[in-house]
Amino acid sequence: MTTAVAVPADQHGSGIGTMLAIQLRTGWKPIAIWVGSIIGLYLVTIAAIDAAYPDAATLESYGAAMDGNAAVAAINGTPYGADNLGGVTANEFGFMAAIMLPVMATHLITRATRTQEASGLLELVRSRCVARWAPTVGAVITTLAALAVSALGIFLSAAAYDIDTGDAALYALSLFGLGAVWVGIAALVAQLVRIPGKVYAISLTVLGVSYATRAIGDVNENGWKWLSPLAWQQETRPFDTEPRWWPLLLAAGTATILITVGVVQSARRDLGSGLLNTRAGPERAAAHTQSVVGLAFRDHRASIAAWTAGAIAVAVIFGALSDAVADAVASNPAFAELDGGADGYLALTITMLVLMATGFAVQGLAKLRSAELDGNLEPTLARAVSRHTWLGSHLAVVTAGYLVVTLASALAFGLTVGDLGDDGNQTGEILTSGIAYVPAITVVAAVSVACFGWMPRWQGIAWLVLGYETFIAFVGPTLDVDEWVLRLSPMYSVGFVPADDPSTTGIAVLVVVALVVTAFGFVGFRRRDIPHH
């Protein structure tokens, strides 16, 4: 059902003003959440680093531990200037920035273009003398504005801690440039494919490839990293002794080209179509789609395959880099003391793989809301299908999916990591660690189910939980906060495995919480109206 939005006629202009008004009216909440989350996470990170490393001596000790650290280079990027507050914060914030900014850009662009086109809103808007390219231009403007506000907030946060304003400005601009590149990627991909989910899939695939090439280039110190926009951001080296502005030109030029091509193509294609031909479906439905579970599997199989392939690729790359990590551990004792050495590298990599599995769970369950808004849920429930059967089938398939993502990537990592650490081959230990984190993934999935059951408009809270987990996983050890604040992260309650033994108490509590919250969601879904706007 199309959302009712008043659309004024525009007989003379292009409709840019109309589109900006509509997009801000319908999308200000996700914009505010994204901007607030990014600025807030950076502010908390710099505050934590300032408390953990309060003087020049401690900052220099951090820099010494990071020097030549292959594990850190693979995960966060080369730690340029990691002997001052700005550089240390940039290093600790690096992984989150590399993920959040591209995902933010993809989400906001897709939501304002393909999602609104699929819902029928853009058909209504285009009937009021709005140019074909106006929705894409409006989406680009609002997303770039959100990135600019985020960059400004980071700049002001850094300046508040007496970081040199020139260095802080360069850092903020480099983050803006990174986000702008993905604005262009999403804007172009949104013209190529018709389905919103495919825009996310392609954009995240490009992000995964970019992350891998950056990691390979940083660890091996070769030119591979220059193929990645993530490396362009870090190679500005804002807090190093010789900061560089020219990598900003790479981001600016690439973003400009991609955005221009995307806007031009949006003016040429037909509404509801994509530049890439969509494969025709079969004449008859497959036998497995005659059941509710089969239909749920059909809805999620592409996502399961994509997330599994991406997680396996990350696992293989980080497994292949293990020899460089082993050399770093042997040559730099400070690394072993600061980050747990080889076991710390294993734990950090497993953490990334589990976060990817959690990301699949949240995205997969978000399709429940899409099915409701698109009008597909009502005809399904009109048959002899109960609400609990429908929801349970999707939850079962998503659960099987994140188990596949977790175990397949953990196995791939175990088979490629070789001899790292004191126990030789780590395959069994890595698989056990992945299994230990499954209850943590289930809790996040349960939060998504509970929100869908009671407050479907707020199902995005599950993404905030995932963001909190990511923040605690990478910055939590430096936070001077009470233990209960850290334990709000389901993954923290399991422990930093395999560097630490998994907490059996924490796992048991997570299992109980997951069951209770999931049941709560089923009760809400049974009672509320459908559709719920």
Side-chain angles (χ1 to χ4, degrees), residues 66-80 82 90-103 174 177-178 181-182 185 202-237 240 244 247 250-251 254 306-332 335 339 341-342 344-356 359 408-421 426 430 474:
M66 294 297 104
D67 186 28
N69 189 326
V72 171
I75 295 172
N76 290 342
T78 303
Y80 295 116
N91 182 56
E92 294 293 329
F93 191 65
F95 178 80
M96 289 181 286
I99 301 301
M100 291 185 70
L101 290 169
V103 173
S174 70
L178 172 62
V181 170
W182 255 270
I185 291 172
I202 295 175
S203 177
L204 293 177
T205 299
V206 174
L207 176 59
V209 172
S210 298
Y211 191 90
T213 54
R214 196 273 308 149
I216 293 171
D218 281 334
V219 171
N220 297 316
E221 298 182 355
N222 57 36
W224 272 96
K225 63 184 177 182
W226 290 105
L227 298 176
S228 170
L230 302 179
W232 305 343
Q233 184 271 319
Q234 75 174 27
E235 286 299 324
T236 57
R237 307 182 184 185
D240 203 6
R244 304 189 296 188
L250 294 174
T254 302
W307 282 93
T308 301
I312 289 175
V314 170
V316 170
I317 290 169
F318 279 86
L321 296 175
S322 61
D323 289 339
V325 174
D327 293 340
V329 172
S331 61
N332 191 352
F335 169 39
D339 282 336
Y345 178 76
L346 295 177
L348 283 172
T349 304
I350 293 170
T351 296
M352 286 194 298
L353 299 178
V354 171
L355 289 172
M356 292 184 70
S409 60
L411 179 61
F413 183 51
L415 293 175
T416 54
V417 74
D419 295 336
L420 184 64
Q426 308 290 315
I430 290 171
F474 289 93

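- In the displayed structure, Trp224 atom CH2 is contacted under 6.0 Å by at most 12 heavy atoms of other residues, nucleotides or ligands.
- Within the 3.5 Å criterion, the main-chain N or O of Glu235 finds a donor-acceptor partner in the side chain of Arg244.
- Across every non-hydrogen atom of Ser203 and Trp182, the tightest pair is OG-CD1, 3.2 Å.
- Side-chain N or O atoms of Asp240 include none that pairs as donor or acceptor with a backbone N or O of Tyr80 at under 3.5 Å.
- Put simply, CG on Leu346 and CD1 on Ile430 are 5.0 Å apart, with the number rounded to the nearest 0.5 Å.
- With rounding to the nearest 0.5 angstrom, the CG atom of Leu101 is 10.5 Å from the CG atom of Leu207.
- Taking all atoms of both residues into account, the shortest heavy-atom contact from Ala311 to Leu353 is O-CD2, 3.5 Å.
- When every heavy atom of Ala412 is checked against every heavy atom of Ile312, the shortest pair comes out as CB-CG2, 3.9 Å.
- Within the model, atoms CG of Leu355 and CZ of Phe474 stand 6.0 Å from one another, a figure rounded to the nearest 0.5 Å.
- Relative ring orientation between Phe318 and Tyr345 is described as tilted, the plane-to-plane angle lying within the 30° to 60° band.
- Expressed to the nearest 0.5 Å, how far CG of Leu230 lies from CG of Asn76 amounts to 12.0 Å.
- Taking the side chain as every heavy atom from C-beta outward, Phe413 and Val314 never approach each other to under 4.5 Å.
- Atom CG of Leu178 sits about 10.5 Å away from atom CD of Gln234, to the nearest 0.5 Å.
- For Thr213 (side chain) and Ser210 (main-chain N/O), a donor-acceptor pair under 3.5 Å exists by modelled atom type.
- Judged by distance alone, the side chain of Tyr211 and the main-chain N or O of Ser228 form no donor-acceptor pair under 3.5 Å.
- A side-chain donor-acceptor contact under 3.5 Å links Arg214 to the backbone of Ala74.
- Residues Phe95 and Thr351 fail the side-chain proximity criterion, which asks for heavy atoms closer than 4.5 Å.
- The heavy-atom pair separating Gly310 from Met356 by the smallest distance is C-CE, 3.7 Å.
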